[in-house]
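See below for the structure under consideration.
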Amino acid sequence: MDTISNYVDSVFANLPKTPEMLAHKQAMLTKMKDKYQQLKSEGKSEHEAISTAIAAHGNVDDFTQSYQTEAPAEYPQNEVYLTSAEVDEYIDHRHRFAWAMATGVFLCIMGPASLFLGQYLAGDRGGQGGRTSELLDILTIVPLFIFVAAGVALFILYGMKEQQFELEHKRIQLDSTTYARLKSEHKAFRPRLAVAVAVGVALCILAPVSMLLSVVLLGEDNSLSLVFLLSFIAIGVFLFVFYGIQDETYEKLLSIGGFSKDKAENNKLVGIVAGVVFPLAAAIYLIAGFVYYAWGSAWIIFPIVGILFGIFATVYNGYMDLKKKK
């Protein structure tokens with residue numbers, strides 16, 4: 001039976017995965033299996049039953065050649081058809097991917113916060129000097145590297161899993177039933193996205209407020225003010241990343257928003273710029289923190305870069321849209 005399945009897979013291996021083609025494939029497989037079962041019930045051997053079942057379906061060369069010549073006009077190389085099961089598998093992966101990316105960013109931001117918390121807890125012993133003080137200084141740095149290492153590990157692990165789907169720069173085709181289901185799910189998801197963004201923005205606004213309150217109540221020299229600041233920002237950014245990736249998943253599957261056909265080309269340059277400026281901002285933040293000990297003020301680079309990047313993306317997309325209309 002596996003021989004028949006493998007044969008049918010080989011016949012359709014180079015054909016487009018359209019709904020029509022998948023229906024042809026399933027029909028061919030069903031007919032061959034039925035013929036195989038019939039021959040086996042008549043007392044035929046395994047080899048004879050398989051050979052006769054395959055031969056009974058006729059010559060498939062004319063069938064495959066006709067579709068190989070027609071397919072490129074309907075489904076270009078940058079388009080791919082996904083079945084309902086493949087869509088569900090991709091959504092499950094993207095949900096885990098969103099958790100991993102959001103958690104990774106959260107850990108990278110909370111790394112410096114753990115350093116400041118450790119310094120605060122060890123503050124009473126810091127004045128003793130000697131080897132005890134040096135040991136405490138080292139121990140307060142350890143959580144920072146553990147948090148950052150765990151975050152980077154999540155980025156690498158789930159980034160590699162993301163590449164396995166090979167959907168980068170490809171437009172996805174769906175059958176009408178799956179498209180309607182995803183459209184309904186996306187509509188139900190949007191209110192949760194709006195709430196998450198609102199809460200995230202509120203937390204980022206309250207972050208400097210919490211730092212100022214801790215300075216007023218606990219004094220200027222307490223490192224807890226930076227812990228509060230970074231914690232509020234970390235939770236807010238977690239919400240942005242987690243819900244943003246899920247919304248992006250629906251838009252990609254439905255080919256809407258930033259993944260619509262007319263915006264797909266524009267997003268290539270925007271994606272390249274994003275891949276440069278945001279890692280650069282993170283590098284500047286870490287350098288400012290480690291070299292100049294400016295953890296409490298250097299965080300401002302992230303909202304500044306985010307705003308400037310948003311302005312760039314809007315202006316560029318607007319320019320490209322006007323250019324296409326001329």
Next item on the list: Of all the heavy-atom pairs spanning Ile256 and Tyr179, show the shortest one and how long it is.
Entry: CG2-OH, 4.3 Å
Item checked: Non-hydrogen side-chain atoms of Ser225 and Phe116 separated by less than 4.5 Å -> no
Checklist line | Min side-chain heavy-atom separation Asp247-His186 under 4.5 Å | finding: yes
Margin query: If we ignore hydrogens and angles and just use 3.5 Å, is the side chain of Thr103 paired with the main-chain N or O of Ala100 as donor and acceptor?
Written below: no
Notebook entry, point to check: Can you check whether Trp99 and Phe238 have ring centres sitting under 6.0 Å from each other?
Noted result: yes
Check: Between Leu229 and Ser210, which heavy-atom pair has the shortest distance, and what is it?
Finding: N-OG, 4.0 Å
Item checked: Leu226 and Leu115, any side-chain heavy atoms less than 4.5 Å apart -> no
Next item on the list: Any pair with a residue in residues 177-187 that passes salt bridge (Lys or Arg N to Asp or Glu O under 4.0 Å), sequence neighbours left out, goes on the list, sorted by first then second residue, please.
Entry: Asp88-Arg181, Arg181-Glu185
Next item on the list: Check whether any side-chain N or O of Glu86 sits under 3.5 Å from a backbone N or O of Thr83 as a donor-acceptor pair, and report yes or no.
Entry: yes
Checklist line | Hydrophobic cluster identity match, Leu230 and Leu213, side-chain contacts under 4.5 Å | finding: no
Check: Do the two ring centres, one from Phe242 and one from His95, sit under 6.0 Å apart?
Finding: yes
Notebook entry, point to check: Between Tyr250 and Phe189, how do the two ring planes meet: parallel, tilted or perpendicular, split at 30° and 60°?
Noted result: tilted
Margin query: Measuring only between side-chain heavy atoms, which start at C-beta, is Lys252 closer than 4.5 Å to Ile172?
Written below: yes
Notebook entry, point to check: Given the rule that I, L, V, M, F, W and Y join up when any side-chain heavy atoms are under 4.5 Å apart, are Val197 and Ile205 in one cluster?
Noted result: yes
Next item on the list: Hey, could you give me the CG/CZ distance between Leu239 and Phe106, rounded to the nearest 0.5 Å?
Entry: 10.0 Å
Check: Which distance, rounded to the nearest 0.5 Å, do you find between the CD1 of Ile109 and the OG of Ser231?
Finding: 10.0 Å
Checklist line | Taking every non-hydrogen atom, the tightest pair across Met211 and Ser214 | finding: O-OG, 2.7 Å
Check: Could you walk me through whether Val152 and Leu107 pass the side chain to side chain contact (heavy atoms under 4.5 Å, CB included) check?
Finding: CA-CA 9 Å; Val152 172; Leu107 290 173; over 6 Å; no
Note to self: Checking His93 against Gln164: is there a side-chain donor and acceptor pair closer than 3.5 Å?
What the structure shows: no
Margin query: Using only atom types and a distance under 3.5 Å, with no angle test, would you say the side chain of Thr249 pairs donor to acceptor with the backbone of Ile245?
Written below: yes
Check: From Leu212 CG over to Leu206 CG, what is the distance, rounded to the nearest 0.5 angstrom?
Finding: 11.5 Å
Notebook entry, point to check: Which heavy atom of Phe147 sits nearest a heavy atom of Gly111, and at what distance?
Noted result: CB-CA, 3.7 Å
Check: Does some side-chain heavy atom of Tyr158 sit less than 4.5 Å from a side-chain heavy atom of Met101?
Finding: yes
Check: Going by heavy atoms in the side chains, are Val87 and Leu182 under 4.5 Å from each other?
Finding: yes
Notebook entry, point to check: Step by step, would you call Gln246 with Leu193 a side chain to side chain contact (heavy atoms under 4.5 Å, CB included)?
Noted result: CA-CA 9 Å; Gln246 292 188 80; Leu193 173 66; over 6 Å; no
Next item on the list: Look at the side-chain heavy atoms of Ile, Leu, Val, Met, Phe, Trp and Tyr, link any pair under 4.5 Å apart, and say whether Val227 and Val216 land in one connected group.
Entry: no
Checklist line | Interatomic distance, Met110 atom CE to Leu117 atom CG [nearest 0.5 angstrom] | finding: 8.0 Å
Next item on the list: Please report the closest heavy-atom contact between Phe240 and Gly200, naming both atoms and the distance.
Entry: CZ-C, 3.3 Å
Next item on the list: Mind running side chain to side chain contact (heavy atoms under 4.5 Å, CB included) on Leu253 and Ile91 for me, showing each step along the way?
Entry: CA-CA 9 Å; Leu253 290 171; Ile91 290 178; 3.7 Å; yes
Next item on the list: Dump the intermediate steps for side chain to side chain contact (heavy atoms under 4.5 Å, CB included) on Cys108 and Phe155, then the final yes or no.
Entry: CA-CA 11 Å; Cys108 288; Phe155 295 150; 4.1 Å; yes
